[in-house]
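See below for the structure under consideration.
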Amino acid sequence: MLLRAVRGDITEADVDVVVNAANPGLLGGGGVDGAIHAAGGPEILAECRALKAGLPGGRLPRGRAVATTAGRLPARWVVHTAGPIWSADQDRSAVLRSCCTESLRVADGLGARSVAFPAISAGVYGWPLADAAVQAVAGVRAVEVQHVQEVRFVLFDDRALAAFEAAL
Ligand code: ADP
């Protein structure tokens, strides 16, 4: 499995699976979540609603991952995961690693060969970028894949790209 980091807009990634930095409510939001729903169209949200109805309390636990199709995106599937909110008092890094491990497992279970990840938790959720990159790479490397050949971290700006290049 090849791991690499590129700069770009994840909604344009030519991969089988795009991972979405969603929230537990699964009904869209800002940041990369909003961009994925805006570019992918309403089918993704409709599938999220159906998935949500089957989850206890209608919430996706942070660190877990679920898949929908990808609507109008070039990708075939979107894997939605809810990252932890950064806390200076509490170490939530295992949850962030789990987001990446579980998302990659779900993608691999779908038979995906290529998977794009954004910098989960490093936006509105406030995780320091350098550590977000370290946790993401560790989470991905923990998976023994059957199908996935490439994990591509698609970063929105140069700072995020530099952090992921350093972690890799
Ligand atoms: P979280 O709530 O998990 O922190 P955000 O969406 O706020 O998620 O931010 C996660 C990261 O995604 C940030 O580094 C942000 O710059 C980046 N991002 C936002 N839009 C896109 C996009 N279209 N493609 C790739 N990354 C994006």
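One-based numbering, in listed order, for ligands and for the atoms of each.
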**Prompt:** Quick one: which of Val140, Val17, Val15, Leu2 gives a side chain to side chain contact (heavy atoms under 4.5 Å, CB included) with Val151?
**Reply:** Val140
**Item:** Closest approach of any protein heavy atom to atom 9 (O) of ligand 1, naming residue and atom
**Value:** Gly123 CA, 3.2 Å
**Message:** Between Arg7 and Asp157, does any NZ, NE, NH1 or NH2 come within less than 4.0 Å of an OD or OE carboxylate oxygen?
**Reply:** no
**Message:** At less than 4.0 angstrom from any non-hydrogen atom of Asp9, what atoms of ligand 1 do you find?
**Reply:** 22 (C), 23 (N), 24 (N)
**Prompt:** Between Thr101 and Arg105, is any side-chain donor less than 3.5 angstrom from a side-chain acceptor?
**Reply:** no
**Request:** Answer with yes or no whether the side chains of Glu43 and Thr69 bring together a donor and an acceptor at under 3.5 Å.
**Result:** no
**Asked** Are the charged groups of Glu150 and Arg113 less than 4.0 angstrom apart, N to O?
**Response** no
Side-chain donor-acceptor pairs under 3.5 Å in residues 55-64, sequence neighbours left out?
from	atom 1	to	atom 2	distance (Å)
Arg62	NH1	Gly83	O	2.7
Arg62	NH1	Tyr125	OH	3.4

**Request:** Determine whether any heavy atom of Ala122 lies closer than 4.0 Å to an atom of ligand 1.
**Result:** yes
**Asked** So is Ser121 close enough to ligand 1, meaning a heavy atom under 4.0 angstrom away?
**Response** yes
**Request:** Report yes or no: do His80 and Asn20 form a side-chain donor-acceptor pair below 3.5 Å?
**Result:** yes
**Prompt:** Going by distance alone, is a donor N or O of one side chain under 3.5 Å from an acceptor N or O of the other, for Thr11 and Asp9?
**Reply:** yes
**Asked** Hey, is Leu155 touching ligand 1 through its side chain, its backbone, both or neither, going by heavy atoms under 4.0 Å?
**Response** neither
**Message:** Can you report which non-hydrogen protein atom sits closest to atom 24 (N) of ligand 1, along with the distance?
**Reply:** Ile10 N, 2.9 Å
**Message:** Tell me whether Thr11 has any N or O atom under 3.5 angstrom from an N or O of ligand 1.
**Reply:** no
**Asked** Which residue holds the protein heavy atom closest to atom 7 (O) of ligand 1, what is that atom called, and what is the gap in Å?
**Response** Val124 N, 2.8 Å
**Request:** State the atoms of ligand 1, each with its element, that fall below the 4.0 Å cut-off from a heavy-atom position in Ala21.
**Result:** 3 (O), 8 (O)
**Message:** Taking 4.0 angstrom as the limit and counting only heavy atoms of Ala119, give me the atoms of ligand 1 inside it, by number and element.
**Reply:** 10 (C), 11 (C), 14 (O)
**Request:** Output yes when the distance from some N or O of ligand 1 to some N or O of Val32 is under 3.5 Å, and no in every other case.
**Result:** yes
**Complete:** for atom 17 (C) of ligand 1, nearest protein heavy atom and its distance come out as Phe156 CB, 4.1 Å
